[in-house]
Amino acid sequence: MEKIIFSKHAKHRMIERKVAMNSVIDAIKSPKQLLYDKWKDLYISISSDGSAIVYAFHGSYIEIVTVLSKREFNAIVSKYGYSRYKVIV
């Protein structure tokens with residue numbers, strides 16, 4: 001697996017939403033659901049607790065962009081639908 005780095009924003013959101021680093025890594029390694037954001041070229045991995053981990057591939061590493069709560073994720077998908085998001089897993 002590629003090296004994983006966390007943006008400053010993602011670290012802040014993890015603290016705010018009480019999401020542990022291990023939970024984020026587990027969600028990327030074994031997602032409950034995986035979506036692709038066609039507009040922004042990002043991936044969204046859904047963890048077992050419903051948190052949404054937004055990340056990007058950058059060559060040899062993965063950057064965690066942000067972490068969303070289950071409610072925030074559901075609101076975004078409801079707003080933009082599957083014209084923007086493609087379900088991978």
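Numbering starts at 1 and runs along the sequence shown.
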With a 4.5 Å heavy-atom cut-off, do [X] and [Y] have their side chains touching?
| X | Y | value |
| --- | --- | --- |
| I28 | Y43 | no |
| L35 | F73 | yes |
| K79 | R84 | no |
| Q33 | V87 | yes |
| E63 | S7 | yes |
| M14 | V24 | yes |

Treat each ILVMFWY residue as a node, draw an edge where side-chain heavy atoms are under 4.5 Å apart, and state whether [X] and [Y] are in one component.
| X | Y | value |
| --- | --- | --- |
| Y36 | I53 | yes |
| I4 | I46 | no |
| I44 | Y82 | yes |
| L34 | I64 | yes |

Checklist entry - Does S47 use its side chain to pair, donor to acceptor, with the backbone of S23 at less than 3.5 Å? => result no
Checklist entry - Is the backbone of A10 close enough, under 3.5 Å, to the side chain of T66 for a donor and an acceptor to pair up by distance? => result no
Checklist entry - Is the NZ atom of K38 crowded by more than 12 outside heavy atoms at less than 6.0 Å? => result yes
Item to check | Intermediate values then yes/no, side-chain contact (heavy atoms from CB on, under 4.5 Å), L68 and V54 | outcome: CA-CA 8 Å; L68 305 171; V54 180; 4.1 Å; yes
Next on the checklist: Under 6.0 Å between ring centres: does that hold for W39 and Y85?
Outcome noted: no
